[in-house]
> 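Got a structure for you, written out below as C-alpha cells; questions coming shortly.
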Amino acid sequence: MDIFHGLNPEQKIAVETTEGPLLVLAGAGSGKTRVIAHRIAHIVRQGTAPDRILAVTFTNKAAGEMRERIHALLGTVDGSGSVPFIGTFHALGIQILRTHGSRIGLSDRFSIADQEDSLKLIKEIMVGRQLDPDIYDPQRFRGIISQLKNEMTPVSQLGAAGFSSPYEEQIAGVYVGYEAALHKMQNCDFDDLLIRPVQLLKDHADVREYWQDKWKYIHIDEYQDTNVAQYQLSRLLSARHHNICVVGDIDQAIYSWRGADWRNILNFERDFEGATVIMLEQNYRSTKVILEAARSVIARNSERKPIALRTDNAEGEKVRIKILEDERKEAAMVVSDIADAIRVGYKHSDIAILFRTNAQSRAIEEALMKRAIPYRLVSGVRFYDRKEVKDVLAYLKRARNPEDGVSERRVLNMPPRGIGKVLLYKYIAGISLSASEQKKIEEFTRIITEISEKFSTTNLPDLITFIIERAGYVTYFSKDAEGKERLANMRELVSVAAKHRDTHAIEIIDDFLQEVELMSDQDLVDTTVDAVHLLTAHAAKGLEFKVVIVTGLEEGLFPHTLAQEEGMIEEERRLFYVAVTRARERIILTLTMRRMMNGEVAFNDPSRFIGEIPEHLVDIIIPEYPSKSYEEETIHYF
DNA sequence: GCCCTCTTGTTCGAT
DNA sequence: ACAAGAGGGC
C-alpha cells in the first residue's frame with residue numbers, strides 16, 4: 001500500500017521529514033494521528049527495525065488505534081516480529097524502570113500506587129507526625145507533593161532557603177516521609193513513573209546510552225500537554241539521534257493544572273536545534289459552521305500561536321443553543337435531542353454528551369434510563385476503581401511484591417479476620433504479638449504464600465478465582481444483594497483476565513496489573529457499542545462524534561468558578577474549544593437558568609463562551625413549557 | 001477489641 | 001460511590 005496515498009502536501013512533508021527534530025502544529029481534526037501512523041510506516045519501509053521506533057500517545061486507546069493503523073499500512077510489520085513501542089509516557093516509564101530500576105534500588109517487581117493508595121500513605125504519615133487533619137488537609141498535601149514531584153523539585157531543595165510558614169515545613173516533612181515509604185514498599189506513584197526514569201537516565205550514563213541508542217525515531221503526540229518530567233524525558237531520549245517528532249496544538253492545552261506546560265511547544269525550536277516546523281491547517285472533521293464557531297471563541301485567547309484552520313466540508317447546520325429552566329429540563333431536552341437525531345438517521349454511538357464536571361452526569365443518566373436510551377458513562381467511578389475490584393488486585397500486588405505494605409494494609413483485614421485498628425498498629429510497629437494475634441496475621445500471610453505459589457502453575461483467570469475464594473470473599477459477600485453484586489464485580493475481573501488463559505500467571509501478571517492500573521477513562525470509550533457516550537470535556541480530548549451536546553454552559557460551571565483567575569480562564573476557553581471541535585456535523589449547547597450546585601440552588605448567567613460565538617452561526621431555542629408538572633409533561637419542543 | 005450499621009459530607013479536571 | 005466517625009452488640 002502506498003504510504004503517501006491520500007495525504008495533503010503538509011501531511012506528506014511531515015511523513016517524509018524523518019531526520020532531525022520536527023514540530024507539527026496540528027489544528028483540531030487535521031489528521032495528526034494519521035500523520036504519525038504514516039510516518040512510522042514510512043520509517044519502517046525505509047528499513048529501520050520497528051523496535052527502534054517510539055511513539056508516545058496520550059492514552060492507551062490512542063496507542064491501540066495507532067497500532068491498528070500502522071498494521072493496516074504495513075501488513076505484518078516486517079517479518080522479524082519486532083514492533084514499535086507505542087504507549088503512554090507512563091507505560092514508557094514502566095518499561096525503563098522494569099529494565100533498569102535496580103540501578104536506583106527499585107525491584108523489578110515494584111508496585112504502582114494509584115491516587116487512592118498514595119493518599120492513604122500520606123494520611124498514615126501525617127497521623128504518624130500527629131498533624132491535625134482539620135488544619136492540615138491530607139488531600140491538599142497530596143496535591144502539593146504531587147505538584148512538587150511534577151516540577152521535579154528534589155526533597156533536598158525544600159527549605160533550602162528556609163520555610164516561610166510552619167505549613168510549608170510540615171509539607172516538606174511529609175514529602176520526605178512519603179518518598180521514604182514509597183521506596184521502602186517498592187511502590188511508584190504516577191509521578192514516579194515519569195520522574196524516576198528521568199533521574200535514572202540523568203545519573204547513569206550507561207543506562208542513558210542504552211535508551212538513547214535504542215530509540216532512533218521518537219514521536220510524541222499531544223506535546224502541548226507534557227509536563228516537566230515528560231519534557232525532560234523527551235530531551236534525554238532524543239539526544240543521540242535527534243530524530244524527534246512532536247505533534248501538538250496550543251489551543252487544545254487543557255492539563256496545566258496537572259503540571260503540563262504548553263510553552264514546551266513554543267520552546268521546541270530553541271530546545272531542539274535545526275527543527276523543521278510544519279502546520280496542519282486543513283480540518284477534515286467538522287462543518288464550516290462548527291469550525292467557524294470554535295475559531296471565533298478561541299481567537300479571544302491571548303496566549304496562543306494563531307493557526308488558520310480551514311475546511312472544505314459542507315456549511316452544515318447552525319449551532320443550536322438551548323436555554324432551559326433547570327437541570328431536569330436540560331436532561332429532558334438532551335433526551336429529546338437524541339430522539340431527534342435518531343429520527344434523522346444518526347445512531348446512538350454517533351452521539352456524545354459532554355459536561356464540565358462529573359456531578360452533572362447524574363441528572364442526564366436518570367433521564368436516559370427513564371427513556372431506555374442506551375448509554376455509556378465514560379468518566380465517574382469506573383469498574384477498576386471499585387473497592388472490591390481493587391481489593392482483589394491488592395492481594396495480587398502484595399503476593400507479587402512482598403514489600404508492598406500499601407496493598408497489604410488494604411486487605412490485611414478484608415474480608416474481616418479479626419485484625420482491627422489496635423492489632424494493625426502493633427503489627428506495623430513490630431510490637432510482639434500474643435499467640436491468638438499471631439495466628440490471625442499468619443492466616444493472612446498463608447493466603448499470600450498460597451497465591452504466590454500458584455503464579456507459575458496456574459493461569460491468571462484461575463488465579464483470580466482462587467484469590468476470591470481463598471481470601472473468603474464468597475462467604476463474606478453472600479449475605480445480601482449488595483454483596484452479591486460486589487462478588488459479581490470481582491468475578492468480572494476473571495473475565496477480563498480470560499484472554500490470557502493459555503499462559504501461566506507469572507508471565508503476564510505485571511502486564512495485567514499495568515494495564516489495569518494505567519487504564520484511562522478514555523480507554524473505556526467503545527463506539528462499536530451502539531450507545532450514547534457521556535463524558536467530561538477533558539475525557540473527550542482526541543475523540544470525535546457526529547453529534548455533540550455540550551451541557552451546563554453557565555458562568556461558574558463552564559467556565560468553572562475555581563478557574564476564574566487570569567490565565568486559567570484561557571484554559572477553560574481551550575477546554576470549550578476542545579469540546580466544540582469534537583463535533584463533526586451537529587453541535588448543541590445547553591444551559592439552565594437555575595441549577596442545584598453543591599447542595600444549593602444556583603442562578604447562573606449564561607457562559608461567556610456562548611456570547612463569543614458569532615450570532616449568525618447560532619439558533620437560540622427557548623422552549624415554552626406547558627404549565628403541567630414535570631412528570632406529566634410531554635416533550636414537543638419543536 | 002472488633003464488627004456492623006447508620007449518618008454525613010463529598011465537589012473542577014485525571015495518568 | 002466511598003470514607004470517616006459514632007454508637008451499639010458481642
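In the text below, chain A, chain B and the rest are named by the order of the sequence lines, each starting its count at 1.
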> Using a heavy-atom cut-off of 4.0 Å across all strands, would you classify A/Y255 as base, sugar-phosphate, or nothing?
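The answer is sugar-phosphate, as A/Y255 gets under 4.0 Å only of primed atoms, P, OP1 or OP2.
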
> Would A/H90 count as stacked on B/dT15 if the rule is ring centres under 5.5 Å and plane angle under 30°?
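Here A/H90 fails the 5.5 Å or the 30° condition.
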
> Separation of A/E116 atom CD from B/dT15 atom C1', in whole Å?
16 Å

> Taking atom types as modelled, is there a side-chain donor on A/Q252 or A/Y577 under 3.5 Å from an acceptor on the other?
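There is no such pair (donor and acceptor under 3.5 Å, judged by atom type) between the side chains of A/Q252 and A/Y577.
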
> So if I take every side-chain heavy atom of A/L562 and compare against B/dC2, B/dC12, B/dA14, which nucleotide ends up nearest?
B/dC12

> Respond yes when some side-chain nitrogen or oxygen of A/T536 is under 4.0 Å from OP1 or OP2 of B/dA14, and no when none is.
yes

> What is the distance from CE of A/M414 to P of B/dC3, rounded to the nearest Å?
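From A/M414 CE to B/dC3 P: 10 Å.
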
> Would you mind reading off the distance between A/D385 atom CG and C/dA3 atom C1', rounded to a whole angstrom?
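Nearest whole value for this atom pair: 15 Å.
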
> Any luck finding a side-chain donor-acceptor pair between A/E555 and A/N604 under 3.5 Å?
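On atom types as modelled, these side chains do not qualify, holding no pair under 3.5 Å.
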
> Grab the CG-P distance between A/L194 and B/dT15 for me, whole Å please.
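Rounded to the whole Å, the gap is 13 Å.
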
> Does the pair A/E443/A/R470 count as a salt bridge with the N-to-O cut at 4.0 Å?
yes

> Give the nucleotide from the list B/dA14, C/dA3, B/dC2 with an atom nearest to the side chain of A/L423.
B/dC2

> I'd like to know whether the aromatic ring centres of A/Y255 and A/F58 sit less than 6.0 Å apart in this structure.
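So the answer is yes for these two rings.
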
> Send over the distance from A/E222 CD to B/dA14 P, rounded to a whole Å.
15 Å

> Using atom CD of A/E437 as one end and atom C1' of B/dG1 as the other, report the distance to the nearest whole Å.
9 Å

> Quick check on DNA chain B: between A/K421 and A/R356, whose nearest nucleotide comes earlier from the 5' end?
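The residue whose closest nucleotide sits nearer the 5' end is A/K421.
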
> Counting only side-chain N and O atoms of A/N413, is one of them less than 4.0 Å from OP1 or OP2 of B/dC3?
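Yes, A/N413 has a side-chain N/O under 4.0 Å of OP1/OP2 on B/dC3.
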
> Return the value, rounded to whole Å, for the distance between atom CG of A/N358 and atom C1' of B/dA14.
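Atom-to-atom, A/N358 to B/dA14, this comes out as 9 Å.
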
> If you look at every strand shown and take non-hydrogen atoms under 4.0 Å, does A/Q115 touch a base, only sugar-phosphate, or nothing?
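Base, at least one base heavy atom under 4.0 Å.
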
> Among B/dG1, C/dA3, B/dA14, which nucleotide sits nearest the side chain of A/K387?
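Nearest nucleotide to the side chain: C/dA3.
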
> Taking the minimum atom-to-atom distance to the side chain of A/R386, which one of B/dC4, B/dC12, C/dC2 wins?
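For the A/R386 side chain, the nearest candidate turns out to be C/dC2.
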
> Mind checking if A/K123 touches a base, just sugar-phosphate, or nothing, with heavy atoms under 4.0 Å?
sugar-phosphate

> At under 4.0 Å, does any side-chain N or O of A/R410 touch on OP1 or OP2 of C/dA3?
no

> Assess A/R417 against A/F444: is NZ or CZ under 6.0 Å from the centre of the six-membered ring, and within 45 degrees of the ring's axis?
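The answer is no, since A/R417 fails at least one limit relative to A/F444.
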
> Under 4.0 Å, counting only non-hydrogen atoms across every strand here, what does A/R486 touch: a base, just sugar-phosphate, or nothing?
sugar-phosphate

> Can you tell me how far P of B/dT15 sits from CG of A/D225, to the nearest Å?
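Taking CG of A/D225 and P of B/dT15, I get 13 Å after rounding.
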
> On a whole-Å scale, what distance lies between the C1' atoms belonging to B/dC12 and C/dA4?
23 Å

> How do A/M597 and A/G420 order along DNA chain B: which one's closest nucleotide is nearer the 5' end?
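It is A/G420 whose nearest nucleotide is closer to the 5' end.
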
> Would you say B/dT15 has OP1 or OP2 under 4.0 Å from some side-chain N or O of A/N227?
no

> Is a donor from one side chain sitting under 3.5 angstrom from an acceptor on the other, for A/T445 and A/E442?
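Distance-only check fails for A/T445 and A/E442.
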
> Name the nucleic acid region contacted by A/E571, choosing base, sugar-phosphate or nothing; use a 4.0 angstrom heavy-atom cut-off, strictly under.
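Nothing, no heavy atom under 4.0 Å.
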
> The side chain of A/Q139 is closest to which nucleotide in this list: B/dT11, B/dG13, B/dT15?
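Looking only at side-chain atoms, A/Q139 lies closest to B/dT11.
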
